[in-house]
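Step one of this worksheet: look at the structure below.
On a predicted model such as this, the values are computed, not experimentally measured, just so you know. So that the names make sense, note that chain A is the first sequence line, chain B the second, and so on, each numbered from 1. Reckoned from all heavy atoms, side chains included, excluding hydrogens, waters and symmetry mates.
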2 protein chains.
Amino acid sequence: MTTIRDVAKLAGVAPITVSRAINNSDYVSIGTRVRVEKAIDELGYIPNELGVSLRSKQTMTLAVVITDITNPFWTTVTRGIEDVAQANNYSTILCNTDESEDKQEQYLQMLLRRRIDGILLVPASNNPAPIKLIKKQNVPVVLMDRQVPDVDVDVVRSDTEEGAYLITTHLLSLGHQEIAMLAGPQSVSTSVDRVNGYRRALRDAGLPKSAENIFLGEFTQETGYTMAELMLVKDSSRITALVAANNFIAIGAMQLLSEKKVRVPEDVAIVTVDDLPPALTITPFFTVATQSALEMGKQATQLLLDRVSGKTDIPCQEIILPVEMIIRASSGEKLSP
Amino acid sequence: MTTIRDVAKLAGVAPITVSRAINNSDYVSIGTRVRVEKAIDELGYIPNELGVSLRSKQTMTLAVVITDITNPFWTTVTRGIEDVAQANNYSTILCNTDESEDKQEQYLQMLLRRRIDGILLVPASNNPAPIKLIKKQNVPVVLMDRQVPDVDVDVVRSDTEEGAYLITTHLLSLGHQEIAMLAGPQSVSTSVDRVNGYRRALRDAGLPKSAENIFLGEFTQETGYTMAELMLVKDSSRITALVAANNFIAIGAMQLLSEKKVRVPEDVAIVTVDDLPPALTITPFFTVATQSALEMGKQATQLLLDRVSGKTDIPCQEIILPVEMIIRASSGEKLSP
DNA sequence: GCATATCATGTTACGCGTACCATAATAGCA
DNA sequence: TGCTATTATGGTACGCGTAACATGATATGC
């Protein structure tokens, strides 16, 4: 592999002169510049960023740590991140934790060793230790989507409690009284928030606490399926609608209902938080509370870049993005009284 | 940021001794080891990989350059890559080119500057120049999914020509005579292969060349929609089935047909290459020729790691993975004669 | 004609971890 | 007892690009 010294030798100049020619960082005569460029071409020289980073103490790289790369929601967030990062000459490293704390820990260690300039993190759990570790190393970090207790840190998230509230209220307004909630893990703040939004909606509708029907699972199609199964067994005669805590849970539940010949929305109405992107759905079907994934990625990255470029004095922020309800077929018509 | 020298000073030893204690690379007495570990803990020392990489001339990083991060097919390939890479202590950098040659060029430059150890590339076009550039830098590269002419390089791909042949033949066996092909860009080998498979099937069925109905677009839902629209305009009365070159095209076509009240499969049957993952579909509907995305990722990574670890003498390989046809509702029943 | 600004290039050293070589103490063995 | 092997630790230099400082040449200003 050729180095800047090889180029310098061939061009008959000092290495620093080559460096200046490449980076336009100082005066270089036209003649020298031409000779240097010729030498670079001839040798196929590509500068070694490792040397640059070691010296400059910055890698121009942001890390993106998400929990599920197969969920279109996260890939869209990633797009937003990439757009803003690229526009600011930063590259991104994408890491997928599969909601595993162990994997997250491993990735964070790796990222800190590589001296990435900042981290966009979707925490796999509500354990503050990993975030404290990052902060101890003075590496800027912005959480996305989920809060974590006991740590002062920037967060960009959606008003997911409100989202769950909106779609639950929508079901109530259609006349449903027995509404199940198929939730995600309770170690994740968004899941807790969505349960809370569901609860608040029931409370505001004057329903007693006993009206709550909450099932706890993961943010996956598999547990969506299982929870729907449990739901049918437990309260087959009564439940007329369900709130899914995310898109995968909704799909899993839908699969089970379809297998059991339970009609949606005639027998059981479904609403969910998180939409599916148009490229993956033939006809949008679910009534959803959508969040702008792209916007989440963009805002989080902008905030992170502010921190990276030294704005460490301003206190930690919590940016809460609005949600929007889109009413579609899955929630059905108004029930006859 | 603390360095190995800080740790050494605190532990009262030489930096190299700390290095040895960390890496277990040489003799270190128990007493010293304990003191070093205490110092590391106290200072929260995390080794700087940049120094290590600069010295060892390897970054333990593989680059993954894919063309569409929102397509589940590629995220699944990425999973396979990550599995194998991780098992071999390699990290991955994921780059998304959006099928753009420019973006690809930019990413490759960045990756080469970072001295990543190898590249898994889904080429955005059939231009051999970028691959030649990589090879000139002696960086191992394995192409995935797509071939590129005029360059000697390892490739792992599916037998996609056969896939298109199988599903087209399936349509023919159901009695269809007028079958359209909604293809991808002709600058991509898989797209060409799929058209060829379609053609071979028609030929083998004894149909004349005039029976071919080929529409060229992109691998996107948008152009799938547009091509289906063109198809209806052009041959509304005759075409009874269509072959989509990938899953997104199939979805786009399906959307158009559904809007135009054209029933699938009763009026027009649809088959496609590339399945959608179960987590994203409520009921699998499309008859497909599937390839194992996970397997593609794994095999490509294994091959790349072989090259990275010095197996450069064996000639370039082309690994062709088998495809499998899964018959579902979208292709419909046998036509009455 | 001399001081100062501008232009052009070079030397040295640094960032951080470790390969290589050197040193020294102890242990094992003939 | 003398000699080699094992254990333990350190010094120096290197990988690669560039910051900081230095030097010299030419141009500008008075």
Side-chain angles (χ1 to χ4, degrees), chain A residues 1-37 39-40 43-61 109-117 137-139, chain B residues 1-37 39-40 43-61 109-117 137-139:
Chain A
M1 189 112 308
T2 60
T3 74
I4 203 166
R5 276 161 242 265
D6 300 325
V7 177
K9 201 171 287 176
L10 184 60
V13 295
I16 187 71
T17 303
V18 178
S19 170
R20 289 196 263 250
I22 292 172
N23 302 304
N24 290 314
S25 55
D26 212 337
Y27 300 115
V28 174
S29 71
I30 305 171
T32 306
R33 164 157 281 133
V34 170
R35 271 182 301 137
V36 166
E37 273 163 9
I40 288 175
L43 296 172
Y45 170 67
I46 295 182
N48 186 337
E49 276 292 313
L50 296 170
V52 180
S53 294
L54 194 58
R55 194 92 239 279
S56 68
K57 286 170 174 285
Q58 49 178 338
T59 49
M60 300 304 283
T61 305
Q109 282 290 337
M110 182 270 280
L111 294 167
L112 292 173
R113 279 215 299 272
R114 300 220 171 171
R115 300 294 191 264
I116 43 87
D117 294 335
Q137 300 293 324
N138 281 313
V139 175
Chain B
M1 190 112 306
T2 61
T3 74
I4 204 167
R5 277 161 241 266
D6 300 325
V7 176
K9 201 171 287 176
L10 184 61
V13 295
I16 185 71
T17 303
V18 178
S19 171
R20 288 197 262 251
I22 292 171
N23 302 303
N24 291 314
S25 56
D26 211 337
Y27 300 114
V28 175
S29 71
I30 304 170
T32 307
R33 166 158 280 132
V34 170
R35 269 182 304 136
V36 166
E37 274 163 9
I40 288 175
L43 296 172
Y45 170 67
I46 294 182
N48 186 338
E49 277 291 313
L50 296 171
V52 180
S53 294
L54 193 59
R55 196 88 238 279
S56 67
K57 288 171 174 285
Q58 51 178 335
T59 49
M60 300 304 284
T61 305
Q109 281 290 338
M110 182 270 280
L111 294 168
L112 292 173
R113 278 215 299 274
R114 301 222 169 168
R115 300 295 192 266
I116 44 87
D117 295 334
Q137 299 294 324
N138 281 314
V139 175

**Asked** Ignoring hydrogens and angles, does a donor from either the side chain of B:R20 or the base of D:dG10 sit under 3.5 Å from an acceptor on the other?
**Response** yes
**Asked** Do A:R113 side-chain and C:dG17 base share a donor-acceptor contact under 3.5 Å?
**Response**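 Under the 3.5 Å cut-off, the side chain and the base do not form any donor-acceptor pair.
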Give the nucleotide from the list [options] with an atom nearest to the side chain of [X].
X: A:A14; options: C:dG15, C:dT11, D:dG17; result: C:dT11
X: B:L54; options: D:dG15, C:dG10, C:dT9; result: D:dG15
X: A:T32; options: C:dG10, D:dG10, C:dT9; result: C:dT9

Under 4.0 angstrom between [X] side-chain N/O and [N] OP1 or OP2:
X: B:K57; N: D:dC14; result: no
X: A:Y27; N: C:dC7; result: yes
X: B:S19; N: C:dG17; result: no
X: A:N23; N: D:dT18; result: yes
X: A:T17; N: C:dG10; result: yes

**Request:** Could you grab the distance from atom CD of B:Q58 to atom OG of B:S53, nearest 0.5 Å is fine?
**Result:** 8.0 Å
**Item:** DNA chain C: 5'-proximal contact among A:V28 and A:R55 (nearest heavy atom)
**Value:** A:V28
**Prompt:** Using a cut-off of 4.0 Å on non-hydrogen atoms, how would the nucleic acid contact of B:I16 be classed: base, sugar-phosphate, or nothing?
**Reply:** base
